[in-house]
Novice: 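One structure, pasted below without further comment.
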Amino acid sequence: MTDKKFELVDRATERKAQLPVRNGTIGPSVVDISALNKDLGVFTFDPGFGLTAATESRITYIDGDAGTLLYRGFPIEQLAEKSSFMECAYLLLLSELPSRKQLEEFTSNIRYHTMLNETLLRFFNGFHHNAHPMAMVSAVVASMSAFYHDTMDIYNPRHREIFAHRIIAKIPTIAAAAHKHSLGQPFVYPRNDLDYCSNMLHMLFAVPCEPYQVDPIASQALDLLFILHADHEQNASTSTVRLAGSTGANPYAAISAGVSALWGPAHGGANEAVLAMLEQIGTVDNIPKYLDMAKDKSSHFRLMGFGHRVYKNFDPRAKIIREMCHKVLARLGRSDNPLFELALRLEEIALKDEYFVSRKLYPNVDFYSGVIYSAIGIPRSMFTVMFAIARTVGWVAHWQEMISDPGMRIGRPRQLYTGATKRDYTEITKRS
Ligand code: CMC
C-alpha cells in the first residue's frame, strides 16, 4: 500500500470513496476498489478483465509494451538458453533456482509418479477413435480425482506437494495414451531412465514391435518449447484454474478446467489453428486474400497466431521460437519446410500492413510452435495437448500460491444486469 489515493466522487449525492493505490515490485500499480461498493454502492465494469488485477502473485511478470517475460524474476531469454524444463518447473513451483542436489531430488520425485493406474488407462477405451485428444486429456485428468483420496486435503502442504509431482509426472503419460488411442496402437509405458521430454517422445512414438531411439534434437526442441509455455501469469486457463480451485474443488478438477479453457482457439488452441490456416492459405499468392478476410469485421476469420491481450510490441516467446525454427529445421535436415517459409512471408507482409501495425498485432507464441511440433512428428491434433503439458506447471504453481494464501476467497465476479425487470408469472394457458 502507498500513501497515494484516488478519490471518486458521486456528483449527484456528493458521496465519496477513497481508493488506495497498491504498488507491486515492478509494473503498474493497482487501485484497490474495495471501498467502491461500501461507500458509493457501485461495482466496476470490465468485460474480459482487461484492466482488473484479480490477485496478487509472485510467480510471473509480463511487461507487454517492452516485450518482457520473467519467471520468478528471471528473463525468459536466459531460461530458454540456459535452463531446462524441469529446472523451470522447480523455479516456478518453489520460487528459487535449485541446487544440483535439489534438482535431482525434484526430478526423481516426478519420475516416481510417471505411471498411470491401469484402471485409469482403461478410461481411454470409452472414447471413440476420433475423439480429440484434448477431450480425452481433460476427462482423464478430472478422473484422477477419483484415485487419490488419501492425498486430497488441499490445506495439507504435503498433500499439495504430492499432487504437484503426480500431475506433472502423469500428464505426459495421459497425453501419450490419448495419442496412442487415436492411432489404435498399444499404450507405451513411461521409461524413467529418460528425461522428461525424451520420455514424452518415447511414449508418443515407440511401438512394442521395434526399437525406438529418441532423437536428441527433437527432445531438446520440446524441452525449449515447454520452457516457453510453462507459465504466463493470469491468462484465461490459469484464471480458470484459480477460479475453479477457489471453490475448494480438488486440484485435479481445477487442472481439468484449465485444460478445457486452454483448448479454445483464442488461447492454446491457436497453435493447431495456425497450422490449419497455413495449410488453407497454401501459397504466398493467397496471403493478401486471407489478410483481407482477417481485416473484414463481418468475417469470423482472424489471423491465427497473431495478437495478444498483453503484448503490444512483440511476444518474446515468438521471437525465440522463430529462431529455434531455423535451427531445428536445419538440424533435422528440413530447412526447406514450405509451411515455415509461408509463415515467415505471412509475418513479413502482415507486419507492413496498416491494420496490424496500428492495432499492434504481432506474432504470438503459437504462430511458429506448430511448425516445430510438425517437424518432430507430432500431429496437429496434439499441439494444444503439448501446450497443456507444459502449462500444467504454471497452473499448479498458481493453484499452490492461491491455496497457501490465508486471505484466499472464492472467485466470484459481479455483473451489470440488463435483463427483464421483475414481472409476474403467466399461466401457460394465458400466454399468446
Ligand atoms: N486477426 C485480425 N484482427 C485481430 C486479431 C487477429 N489475430 N487479433 C486482434 N485483432 C483486432 C480485433 O479485431 C480488434 O480490432 P478493432 O479494434 O478494429 O475492433 C483489435 O485487433 C484488438 O483486438 P481484441 O480482440 O480486442 O484483442 P484481445 O486482447 O481481446 O484478444 C487475442 C487477444 C489473442 C484473443 C486476439 O488477438 C486473437 O484472437 N488472436 C488470434 C488467436 C491467437 O493467436 N491466440 C493465441 C494467443 S497467445 C497464446 C495463448 O494465450 O495461449
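Atoms within each ligand, like the ligands themselves, are counted from 1 in listed order. Bear in mind that the values here come from a model prediction, so they are computed numbers and not experimental data. Along the sequence shown, the residues carry numbers beginning at 1.
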Novice: Short list, please: which atoms of ligand 1 are under 4.0 Å from a heavy atom of G268?
Specialist: 52 (O)
Novice: Short check: is a protein heavy atom less than 4.0 Å from atom 27 (O) of ligand 1?
Specialist: no
Novice: Which option out of K312, K360, H229, R302 puts a heavy atom nearest to atom 23 (O) of ligand 1?
Specialist: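 Heavy atom nearest to atom 23 (O) of ligand 1 belongs to R302.
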Novice: Heavy-atom contacts under 4.0 Å between D315 and ligand 1: side chain, backbone, both, or neither?
Specialist: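 Neither; no heavy atom under 4.0 Å.
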Novice: Quick check: Y362 with F356 (ring centres under 6.0 Å apart)?
Specialist: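 No, too far apart.
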Novice: Can you name the closest pair of heavy atoms from S143 and L120 and give their distance?
Specialist: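 That closest heavy-atom pairing would be CB-CD1, 3.9 Å.
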Novice: To the nearest 0.5 angstrom, please state how far the CD1 atom of I227 sits from the CZ atom of F85.
Specialist: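 I227 atom CD1 to F85 atom CZ measures 8.5 Å (nearest 0.5 Å).
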Novice: So which protein heavy atom does atom 33 (C) of ligand 1 come closest to, and at what separation?
Specialist: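 For this ligand atom, the closest protein heavy atom is R309 N, 3.8 Å.
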Novice: Say whether A266, considering both its backbone and side-chain N or O atoms, lies within less than 3.5 Å of an N or O atom on ligand 1.
Specialist: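 Indeed, backbone or side chain, A266 has an N or O that close.
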Novice: Is ligand 1 under 4.0 Å from a heavy atom in the side chain of R359, in the backbone, in both, or in neither?
Specialist: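 Looking at R359 and ligand 1, just side chain atoms fall under 4.0 Å.
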Novice: Run the numbers for me: atoms of ligand 1, each under 4.0 Å from some heavy atom of P265, listed by number.
Specialist: 42 (C), 43 (C), 45 (N)
Novice: Say whether Y355, considering both its backbone and side-chain N or O atoms, lies within less than 3.5 Å of an N or O atom on ligand 1.
Specialist: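 So ligand 1 has an N or O lying under 3.5 Å from an N or O of Y355.
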Novice: D223 and S84: side-chain hydrogen bond (donor to acceptor under 3.5 Å, both in side chains), yes or no, with the steps?
Specialist: CA-CA 7 Å; D223 199 79; S84 66; 5.0 Å; no
Novice: N/O to N/O below 3.5 Å, does that happen between F356 and ligand 1?
Specialist: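 No, no N or O pair falls under 3.5 Å.
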Novice: Do any N or O atoms from the side chain of S219 and from the backbone of D215 form a donor-acceptor pair under 3.5 angstrom?
Specialist: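 Such a contact is absent between S219 side chain and D215 backbone.
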Novice: Under 4.0 Å from atom 42 (C) of ligand 1, is there at least one protein heavy atom?
Specialist: yes
Novice: Give the numbers and elements of all ligand 1 atoms closer than 4.0 Å to a heavy atom of A270.
Specialist: 43 (C), 44 (O), 45 (N), 46 (C)
Novice: Considering both backbone and side-chain atoms of L303, is one of its nitrogen or oxygen atoms within less than 3.5 Å of a nitrogen or oxygen in ligand 1?
Specialist: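 Indeed, backbone or side chain, L303 has an N or O that close.
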Novice: Kindly confirm or rule out an N or O of G305 lying under 3.5 angstrom from an N or O of ligand 1.
Specialist: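 Yes.
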Novice: Any heavy atom of K297 closer to ligand 1 than 4.0 angstrom?
Specialist: yes
Novice: Between R345 and E341 (salt bridge meaning N to carboxylate O under 4.0 Å), is one present in this structure?
Specialist: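 Salt bridge: no.
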Novice: Less than 4.0 Å between atom 37 (O) of ligand 1 and some protein heavy atom, yes or no?
Specialist: yes
Novice: Does an N or O anywhere in R317 fall below 3.5 Å from an N or O of ligand 1?
Specialist: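 So ligand 1 has no N or O lying under 3.5 Å from an N or O of R317.
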Novice: Can you sort out which atoms of ligand 1 are near F387, meaning under 4.0 Å from one of its heavy atoms?
Specialist: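 Ligand 1 atoms under the 4.0 Å threshold to F387: 52 (O).
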Novice: Quick check on V365 - does any of its heavy atoms sit under 4.0 Å from an atom of ligand 1?
Specialist: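 It does; at least one heavy atom falls under 4.0 Å.
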Novice: Salt bridge or not between D153 and R160? Use side-chain N to carboxylate O under 4.0 Å.
Specialist: no
Novice: Looking at ligand 1, would F367 count as a contact under a 4.0 Å heavy-atom criterion?
Specialist: no
Novice: Y373 and ring pair (Phe, Tyr, Trp, His ring centres under 6.0 Å): which partner among F387, Y368, F383?
Specialist: F383
